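Structure, as structure tokens:
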Protein chains: 4
Amino acid sequence: MTISGKQPEVSPGPGRPRSEEAHKAILAATLDLLSTVGYDRLTVAAVAGLAGVGKATIYRRWPSKLPLVVEAFSTQIPTLRLPDTGNIVDDLNEVLRDFVEIIETTPLAVVLPILAGEGARDPVLASTLAPLFKARRQPLIRVLERAVSRRELPPDIDIEAAADVIMGPVVNRLFFTGADLGPERVKPFVEAALFGINRLRA
Amino acid sequence: MTISGKQPEVSPGPGRPRSEEAHKAILAATLDLLSTVGYDRLTVAAVAGLAGVGKATIYRRWPSKLPLVVEAFSTQIPTLRLPDTGNIVDDLNEVLRDFVEIIETTPLAVVLPILAGEGARDPVLASTLAPLFKARRQPLIRVLERAVSRRELPPDIDIEAAADVIMGPVVNRLFFTGADLGPERVKPFVEAALFGINRLRA
Amino acid sequence: MTISGKQPEVSPGPGRPRSEEAHKAILAATLDLLSTVGYDRLTVAAVAGLAGVGKATIYRRWPSKLPLVVEAFSTQIPTLRLPDTGNIVDDLNEVLRDFVEIIETTPLAVVLPILAGEGARDPVLASTLAPLFKARRQPLIRVLERAVSRRELPPDIDIEAAADVIMGPVVNRLFFTGADLGPERVKPFVEAALFGINRLRA
Amino acid sequence: MTISGKQPEVSPGPGRPRSEEAHKAILAATLDLLSTVGYDRLTVAAVAGLAGVGKATIYRRWPSKLPLVVEAFSTQIPTLRLPDTGNIVDDLNEVLRDFVEIIETTPLAVVLPILAGEGARDPVLASTLAPLFKARRQPLIRVLERAVSRRELPPDIDIEAAADVIMGPVVNRLFFTGADLGPERVKPFVEAALFGINRLRA
DNA sequence: CAGTAATCGAGACGGTACGTCCCGTCTTTAT
DNA sequence: ATAAAGACGGGACGTACCGTCTCGATTACTG
């Protein structure tokens, strides 16, 4: 955060510092249970037990169960790679294949929509989630920006809207249509987004 | 539902009949609370109290809280109109404008993602929800079919996928991107879906 | 309470009535645990488990753990018999022997002082306890009243004070002096109370 | 405590010596809170906070909460004076008046019964408390011994039992009967103890 | 038209998770 | 080594909700 590294990060203040070990164990246990039993069968007491931690140690860090789950799943986000194949079609294909794979192999399919729903009602939560959702979109945005600089897309394109057009069809299918969608089937959706739905032949 | 509709399909049998009034009051109270406090802060006891009904009267009709919410929200669906302007662009614009308006003025913004999340975890629920989600897509599917018969779209197009490409961007923006999106801003998304994201100029 | 017995006790009010069975099971379980593990190792959850009852069923009846214990021990009081031998000395001996036996074979030795201490600080609790403590003294008071009517005691004697003089030495020994005191050793204390400490020969 | 009091009895060893100031502040804070909130709503953290001390500083001196409270309350005891009027009646009156005054103006009314109750459950605590309770009785025992040597009491009297007969009525009234009892009302109880309850006229 | 049976509002039931609080210990930096 | 500060594991507390059950009181059909 600082430019010159001179200062000692932050003053730790008096008292025993919070255990980084416990912090990690809690998040790991949360993700473990999330994938095992799902969101609402996950209990804070079970997380504490699995992490070898007291409940108070959890509540000292997160005000309730939901923010804990939010942070746990947010640690998964950096795994979204930023591809650089040199052309937009292949880049987008890779980004979407990654995304589909994560959704289908982690509890995100359960947690993401719940967060979206809660966020729609609770502005505080929404502002907590905003940067996380934004981070999730970042690789996609970068891919599109590079496409612009390569003149594959017009310079005045609305990149945010374009991102929605790319992600949307896949998101809709994963969460609402319920149709099967492996990573290998994202290609037609990329083409449709780029060139129009006429490309969607049977 | 039956072909000869002259009289009550089945003999009602002995005993006091179920109150149609109570039924409606329960659904209305459920929707009310859904929009007020959200899904999991909604309690069945509160629904009962608001509807002036005993809890057993609710559980006599729905096996648990979730199906109750599902039915309550499904009563909102028929308001999606099926437009028929004669060309695909205007039809799609109208369908999407309707959809955006409903999402932004009813508790569906909260309920829909939650149901999607729960459905991802509970296959029984998923199969309950499938026809409801399908009904929601129906106007869009019909619009696309008519476009095919008008030769505006190729005859071998994958209509289900096309529907996802149309709806997806709007859905993504409404539920996850969090950006503003009034009914008047759906037009660029329709064009992008039809002709590709090159159309998305600033 | 009413003179003519016509009315049906009390209106039960709507809704499922509280289970008398559960009530008794809770009190029995409380006494059981009180004697097994003592006051503060007794947990409400354990009481619930032992009684085969939900915790809420306990908290619906008693606001917290202490009042529950109060009521549980108060059910023990009626076992204090009211003797009637015809003379004050034997009557008092029997009352005190009963009292000592109860203290030494039930958790009252633990609970009574705690209640006294809490009552000294909390007026609400004190007024709850007052009738219970009074009931405990009742047999002793009656014995003294009968002694007055038999002219064994002067008619203008302060009976409440006399009761303290009778009970006090035994109470003090049981709770504070810590000396051994079986039921068979109460006799000298009765005589001392009646005739003065000169009677307390080794 | 030692006969030659010139310097610290033991070599203080290396390191910072324990703060005598902190010690006193802890005991004062304990007594303060005891009278304010009672025994089990008193928390060690609150004592530490009020004393301006870390919790570890408390646990370095006392193994747990109870011994801390025991020591705090035992500091109150030395104020019991040993009267010497020359006759037993006045001596006892003074001893009891002192006792009543202390109970009614300090948190002892709360602490004493609680300690008695805990002691009944925990033999270790009981043996810790025994010398304290004994010290409290010491002035009374001395008064009685002097009465024996003055031939006011028979030489073979059971002094321990006599002490219970003297203290008991007052204790019972203070802790369990709940009746008013100022220092000026102890006289009848002294007389009753000495000569029998016939003296207790209205 | 009396009897039967399912319904009603109300609210208690067993069970379980929540989030808070406290105990007694441990871990930091500072003196 | 002790100090203040405060986090730690553990565990009880009292609250809230779920889905079921039990009341007395309707409200229909059935015989």
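Worth saying up front: this structure is predicted, and the values here are computed from it rather than measured.
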Spacing of [X] atom [atom1] relative to [N] atom [atom2], expressed in whole Å:
X: E21(C); N: dC21(F); atom1: CD; atom2: C1'; answer: 14 Å
X: R61(A); N: dG6(F); atom1: CZ; atom2: P; answer: 15 Å
X: H23(C); N: dT22(F); atom1: NE2; atom2: C1'; answer: 19 Å
X: I26(B); N: dA10(E); atom1: CD1; atom2: P; answer: 12 Å
X: K24(D); N: dA3(F); atom1: NZ; atom2: P; answer: 15 Å
X: L68(C); N: dA12(F); atom1: CG; atom2: C1'; answer: 15 Å

Taking side chain as C-beta onward, heavy atoms only, is [X] less than 4.5 Å from [Y]?
X: L31(C); Y: T75(C); value: yes
X: L50(C); Y: I26(C); value: no
X: L27(D); Y: W62(D); value: yes
X: L42(D); Y: K65(D); value: yes

Completion exercise
Residue pair R18(C)/A48(C) against DNA chain E: nearer the 5' end by closest nucleotide is R18(C)
Practice task
Please figure out whether V53(C) or S19(B) has its closest DNA chain E nucleotide nearer the 5' end.
Solution key: S19(B)
Exercise for the section: Give a yes/no on whether any side-chain N or O of T57(C) is located under 4.0 angstrom from OP1 or OP2 of dA12(E). Expected result: no
Completion exercise
Letter by letter from the 5' end, nucleotides 20-25 of chain E scores (B base, S sugar-phosphate only, - none; protein heavy atoms under 4.0 Å) BBSSBB
Exercise for the section: Please list all pairs passing the side chain to side chain donor-acceptor pair (under 3.5 Å) test where one or both residues lie in residues 51-60 of chain A, with sequence neighbours left out. Expected result: none
Exercise for the section: Check the side chains of H23(C) and R18(C) for a donor-acceptor pair under 3.5 angstrom, ignoring hydrogens and angles. Expected result: no
